[in-house]
There are 2 protein chains.
Amino acid sequence: MNLQPPKTRIQRKNTEAILEAGLEVFSQHGFRGATLDQIAAAAGLSKPNLLYYFPSKEAIHVTLLSQLMETWLDPLHEMKADGEPVEELLAYVHRKLQMSRDFPRESRLFANEIVQGAPRMKEALAGDLKNLVDEKAEVIRAWARDGKIADIDPHHLIFSIWALTQHYADFDVQVQAVLGPGRDPIAEAETFLHTLFERLLAPSRPSGPA
Amino acid sequence: MNLQPPKTRIQRKNTEAILEAGLEVFSQHGFRGATLDQIAAAAGLSKPNLLYYFPSKEAIHVTLLSQLMETWLDPLHEMKADGEPVEELLAYVHRKLQMSRDFPRESRLFANEIVQGAPRMKEALAGDLKNLVDEKAEVIRAWARDGKIADIDPHHLIFSIWALTQHYADFDVQVQAVLGPGRDPIAEAETFLHTLFERLLAPSRPSGPA
DNA sequence: TATTCTTTTGACCATCTGGTCAAGAACACG
DNA sequence: CGTGTTCTTGACCAGATGGTCAAAAGAATA
């Protein structure tokens, strides 16, 4: 078992290479679809060498998943109760969409895991994730109560943000196939989603300070 | 190789059982994650017997996928240019959400395939799917031009319907984990999505006959 | 340079998995 | 009932795959 922070320079380099390779391969083929040989090759190591750094295939996967969880929750964490509600929510949408652009593999790794029933993540979902979402849902509910945004279900609002933004990473092949070549799906999505959430969130009877 | 429509009663029964089992197993584990033994067991057959009806694992998968494609496009097909625009679109959302409720395995089978790059479906996506979507996008564009609905990108509108409805099937574990027990996610989604699309589609300056 | 600790690897293994095959069981039908 | 056809299965196989191990090669340190 390795220590949490790799000690030597060479250890750090190789564990990083393995995780990068694992991300690449797992996100493309899923856990069972990925092979140690693929990952080893992608990391530029021999299979036994790879297993010198991680005790098993599953260990690599688990490490990736738990690292990912933090990155994944970050954008939601950044949404602050004391900001301007619509702005805060639109900014959250923006951050999530940027993640689809910048970290599509991470998104697909996550998607693969969830679609298949999250066998290795259920606790995290019902734990950290649920807690954070519940907390932010309360913030959103308060905004709605104050008439700052429309009165909609906060949980489903958050789901809709996830669904709409991650779609552009997870279903990228489909999006590309349907749109055809020469387009920038995420740039277009930026505009579209801005409009969508602006309209969805606009309070019925605006209560304006300013 | 089997004839398209299974001849004998027993052939029909077994091929059906196999496809049902395949759907169950593939949708839960993905193509590579599924094993012939699992499928055979789920179908109540021995592995060699299963291979008497389908020449290979891939053949089962392909059969499922192509059958699925039709079912999948149906709800969009039903959206008619001569209906009331907002109604037609909301009805489409409704149908898609019902599919998430009634055919979650089909949705996940599809999701698995797309997330992993659609290795066995790319042609279908760029062919039938793109054609249908382009056609319906034109209908939507016309509605927008006539001021019947808001002027938004039709392709991304369709993507948003897919993303939002399929999310409740594909990411069901996550939705359940976050919402906690004792709720009916899809019933709630029905309300939420109705509101969302109503607001999104409402034309800026209503052009009303009636 | 000698010694020790870390890193790397070739050879190997047990198991799993997709798929084959020949022979037996069940069935349809005259 | 007899016979040809369809259906089913136990035994088997080759290749892939996750993982082991002992020994070699490379740092690091003295």
**Student:** Quick one: A:Q11 CD to C:dC5 P, roughly how many Å, whole number?
**Tutor:** 15 Å
**Student:** Say whether, by atom type as modelled, one donor and one acceptor occur between the side chain of A:E113 and the main chain of A:R120 under 3.5 angstrom.
**Tutor:**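 Answer holds: yes.
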**Student:** Using heavy atoms to find the nearest nucleotide of DNA chain C for B:G33 and A:G44 separately, return the residue whose nucleotide is more 5′.
**Tutor:**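 The residue closer to the strand's 5' end, by nearest nucleotide, is A:G44.
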**Student:** In sequence, state the C-alpha distance, the side-chain angles, and the governing distance for B:M69 and B:L125, and then conclude on side chain to side chain contact (heavy atoms under 4.5 Å, CB included).
**Tutor:** CA-CA 9 Å; B:M69 203 53 171; B:L125 296 184; 4.3 Å; yes
**Student:** Hey, does the side chain of B:R9 come within less than 4.0 Å of C:dC27's phosphate (OP1/OP2), counting only N and O?
**Tutor:**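 No, because none of the side-chain N or O atoms of B:R9 sits under 4.0 Å from OP1 or OP2 of C:dC27.
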**Student:** Please tell me whether B:E190 and B:Q98 have a donor and an acceptor in their side chains that are separated by less than 3.5 angstrom.
**Tutor:** yes
**Student:** What verdict does the side chain to side chain contact (heavy atoms under 4.5 Å, CB included) test give for A:F31 and A:E58, after you've listed the backbone C-alpha separation in whole Å, the side-chain angles of each residue and the deciding distance to 0.1 Å?
**Tutor:** CA-CA 8 Å; A:F31 180 73; A:E58 179 139 9; 4.2 Å; yes
**Student:** So, is A:N49 close to the C:dT7 phosphate, meaning a side-chain N or O under 4.0 Å from OP1 or OP2?
**Tutor:** no
**Student:** Start at the 5' end of DNA chain C and walk down; is the nucleotide closest to B:I10 or to B:K57 reached first?
**Tutor:**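 Per heavy-atom nearest nucleotide, the more 5' residue is B:K57.
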**Student:** How many Å lie between CZ on A:R12 and P on C:dT7, as a whole number?
**Tutor:**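 Rounded to the whole Å, the gap is 13 Å.
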**Student:** Earliest and latest nucleotide of DNA chain D, 5' to 3', sitting under 4.0 Å from a non-hydrogen atom of chain A?
**Tutor:** D:dT17 to D:dA28
**Student:** With a 4.0 Å limit, can you tell me whether B:Y52 has a side-chain N or O closer than that to the phosphate oxygens OP1/OP2 of C:dC21?
**Tutor:**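 Answer is no, no contact under 4.0 Å.
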**Student:** Calculate the interatomic distance between B:E58 atom CD and C:dT17 atom C1'; express it in whole Å.
**Tutor:**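 Distance check: B:E58 CD to C:dT17 C1' gives 15 Å.
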**Student:** Relative to the ring of B:H156, is the ring of B:F159 parallel (under 30°), tilted (30 to 60°) or perpendicular (over 60°)?
**Tutor:**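 It falls in the perpendicular class, over 60°.
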**Student:** How close or far is atom P of C:dG18 from atom CZ of B:R32, stated in whole angstroms?
**Tutor:**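 So the two atoms are 9 Å apart, to the nearest Å.
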**Student:** Looking across every strand, which nucleic acid part, if any, lies under 4.0 Å from A:A34 by heavy atom: base, sugar-phosphate, or nothing?
**Tutor:**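 Since only primed, P, OP1 and OP2 atoms lie under 4.0 Å of A:A34, the category is sugar-phosphate.
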**Student:** Out of A:L36, A:I60, A:L45, which residue meets the side chain to side chain contact (heavy atoms under 4.5 Å, CB included) rule with A:L51?
**Tutor:** A:L36
